[in-house]
Amino acid sequence: MHIAQNISLKNYNTFGIDVKAKYFVAVSTIEELLEVLKLDEYPEKLLLGGGSNMLLIQDQNKLVIHVNLKGIFIEDETNDSVLIRANAGENWHEFVLWCLDHDFGGLENLSLIPGNVGTAPIQNIGAYGVELKDTFVSCDAMNIETQKVSTFTNEDCNFGYRNSIFKHEVKGKYSITSVTFRLTKRNHPLHMNYGAIATELEAQNITNPTIQDISKAVISIRESKLPNPKEIGNSGSFFKNPVISKVKFEKLQDNFKDIPSYPISDTEVKVPAGWLIEKAGFKGKRFDNYGVHKKQALVLVNYSDAKGSDILNLSKLIQKTVLRLFDISIEAEVNIL
Ligand code: EPU
């Protein structure tokens, strides 16, 4: 295990921001992770998975630990379902494709989400009507201070919309080492309620879809509106969709008749932040080498060599404008570091 110095993190974050790590190490076994976490001479440590949910705004003076634990294991199976454990460093989308190759169902709607398996529970990744929590059984995580490994069940994780215990009570305290899912082997329940999926399947003349068809439809929808981080740096949705009271929503409808919403409870609705940002005039806006994606206003992009601080300032300007126009605060979904 080699601790390198002054390493560029450009290839370790999907925004493609070129900042340096003062110290950097990649770990590929639990033993290596344990050894590195014990190193007292580096009191400040930053764990890095796929780097798909972060905006780096400065050089990191910490020891950056790239968690690269690989392996996918079938832990148990019945006639109907299977228990799969994947190590934290597996690429999320490749893991989803592995499940689909084995005809294991439950993750197909989550195809093509950037990032790694180990960071997926932190924000309870979700797309097209499905969230990680729907198939998540548990995860193992190493305490950064004590190096003790604990198991967090679905209930322990306290999952919510883009939210979990790892963003609150135990934030920064654990390194997730593996995640276990319960997936179906037959009679796969299909999730096609999200409008765009049905439309996509129809366009392809598919009337009796398989989980593989759903994955292909999701991939095609994502490719049509979300930029590929390998081509244009980005971190997916930069903001969360805000939840507001029905009372406030009805007032907004007086001025903005076409404002969309999704029901949350009897008293609250969720409003697509992408709509608010588009209405505020930012969709497709380009400022030199960064801007707002032209097909999805929720996604901020780095066209080439942008500074994290420029993107952060743009996000603040968007927040301020949305607040002024709609009296709605939109919260960043990505971690700013
Ligand atoms: N909209 C606009 N303009 C835009 C973008 C969206 O008006 O530029 C409006 C439209 O009314 C559209 C609605 O917003 O019908 C919803 O748009 P979309 O289906 O693209 O979904 P989203 O709410 O913008 C969320 C997730 C995405 C996920 C999609 C699909 C969040 C923060 N984002 O986006 O997740 O892929 O739904 O399920 O919840 C991510 O988290 O990184 C991410 C990409």
Side-chain angles (χ1 to χ4, degrees), residues 13-15 49-55 92-93 96 107-116 119-134 159-164 167 191-200 214-215 217-229 232-244 249 252-253 256-264 269-286 291-301 315 318-319 321-322 325-326 328-335:
N13 70 101
T14 59
F15 246 127
S52 63
N53 202 37
M54 54 166 59
L55 176 65
W92 175 263
H93 181 57
V96 172
L107 301 179
E108 52 284 353
N109 292 48
L110 305 179
S111 297
L112 211 62
I113 294 186
N116 285 356
T119 36
I122 300 176
Q123 55 153 339
N124 180 25
I125 57 169
Y128 307 103
V130 171
E131 289 182 333
L132 168 122
K133 74 166 168 57
D134 302 333
F159 288 123
Y161 165 60
R162 296 294 189 277
N163 222 341
S164 77
K167 278 189 156 185
H191 302 276
M192 297 182 291
N193 291 343
Y194 207 93
I197 295 192
T199 314
E200 184 64 36
I214 296 206
S215 168
V218 166
I219 290 173
S220 143
I221 301 164
R222 288 190 78 99
E223 283 178 338
S224 74
K225 51 161 95 169
L226 295 169
N228 179 348
I232 304 176
N234 76 91
S235 219
S237 302
F238 194 93
F239 302 99
K240 287 192 201 182
N241 286 331
V243 173
I244 61 169
F249 179 73
L252 281 167
Q253 273 181 318
F256 306 98
K257 297 236 167 334
D258 56 337
I259 183 169
S261 69
Y262 311 105
I264 289 286
V269 296
K270 194 188 267 182
V271 176
W275 186 91
L276 301 170
I277 299 168
E278 178 171 349
K279 272 279 175 220
F282 284 100
K283 189 169 184 170
K285 272 245 158 150
R286 183 168 175 162
V292 179
H293 188 51
K294 56 180 186 300
K295 294 185 195 155
Q296 165 53 292
L298 205 45
V299 178
L300 304 189
V301 292
S315 78
I318 292 173
Q319 282 171 320
T321 314
V322 166
L325 293 177
F326 305 100
I328 295 179
S329 301
I330 52 171
E331 196 190 316
E333 194 210 275
V334 301
N335 295 306

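Each ligand, and each atom within it, is numbered from 1 in the order the structure gives.
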Value rounded to 0.5 Å, distance of [atom1] in [X] from [atom2] in [Y]:
X	Y	atom1	atom2	answer
Phe238	Gln319	CZ	CD	7.5 Å
Lys283	Glu278	NZ	CD	4.0 Å
Ile221	Leu112	CD1	CG	11.0 Å
Ile122	Asn53	CD1	CG	8.5 Å
Phe256	Leu325	CZ	CG	6.5 Å
Ile219	Glu108	CD1	CD	11.0 Å

For [X], atoms of ligand 1 separated by under 4.0 Å from a heavy atom:
X	answer
Lys225	18 (P), 19 (O), 20 (O)
Lys283	3 (N), 4 (C), 8 (O)
Ala127	36 (O), 38 (O)
Gly236	42 (O)
Pro272	9 (C), 13 (C), 14 (O)
Arg222	36 (O), 44 (C)
Tyr161	31 (C), 32 (C), 39 (O)
Tyr194	18 (P), 19 (O), 21 (O), 30 (C), 37 (O), 38 (O)

Is it the case that ligand 1 has an N or O less than 3.5 angstrom from some N or O of [X]?
X	value
Ser235	no
Ala297	yes
Lys295	no
Lys240	no

Does even one non-hydrogen atom of [X] get within less than 4.0 Å of ligand 1?
X	answer
Arg162	yes
Tyr262	yes
Lys279	no

Worksheet entry | Gln296, portion touching ligand 1 at heavy-atom distance under 4.0 Å | both

Worksheet item: Applying a 4.0 Å heavy-atom criterion (strictly less than), which segment of Phe239 is in contact with ligand 1: side chain, backbone, both, or neither?
Response: backbone

Under 3.5 Å, is there a donor-acceptor pair between the side chain of [X] and the main chain of [Y]?
X	Y	answer
Gln123	Ile125	no
Asn234	Pro227	yes
Trp92	Leu110	yes

Discussion item. Could you walk me through whether Ile259 and Gln253 satisfy the side-chain contact (heavy atoms from CB on, under 4.5 Å) test, starting with their C-alpha distance in whole Å, then the side-chain angles of each, then the deciding distance to 0.1 Å, before giving a yes or no?
Written reply: CA-CA 7 Å; Ile259 183 169; Gln253 273 181 318; 3.8 Å; yes

Which heavy atom of the protein is the closest neighbour of [atom], given with residue, atom name and distance?
atom	result
atom 11 (O) of ligand 1	Pro260 CG, 3.6 Å
atom 38 (O) of ligand 1	Tyr128 N, 2.6 Å
atom 25 (C) of ligand 1	Asn241 ND2, 4.2 Å
atom 42 (O) of ligand 1	Ser237 N, 2.8 Å
atom 34 (O) of ligand 1	Leu298 CD2, 4.0 Å
atom 1 (N) of ligand 1	Trp275 N, 3.7 Å

Worksheet item: Lys240 and Glu331: salt bridge (charged side-chain N to carboxylate O under 4.0 Å, His left out), yes or no, with the steps?
Response: CA-CA 6 Å; Lys240 287 192 201 182; Glu331 196 190 316; 3.8 Å; yes

Worksheet item: Is at least one protein non-hydrogen atom found at under 4.0 angstrom from atom 16 (C) of ligand 1?
Response: yes

Discussion item. Minimum distance, heavy atoms only, to atom 2 (C) of ligand 1: which one of Glu333, Glu331, Glu278 is it?
Written reply: Glu278

Practice prompt. Check the side chains of Ser111 and Ser215 for a donor-acceptor pair under 3.5 angstrom, ignoring hydrogens and angles.
Written response: yes

Worksheet entry | side-chain contact (heavy atoms from CB on, under 4.5 Å) assessment of Val271 paired with Asn241 | CA-CA 6 Å; Val271 176; Asn241 286 331; over 6 Å; no

Fill in: side-chain contact (heavy atoms from CB on, under 4.5 Å) between Val130 and Tyr194, worked out
CA-CA 9 Å; Val130 171; Tyr194 207 93; over 6 Å; no

Fill in: Other residues, nucleotides, ligands: >12 heavy atoms within 6.0 Å of Lys285 NZ
no

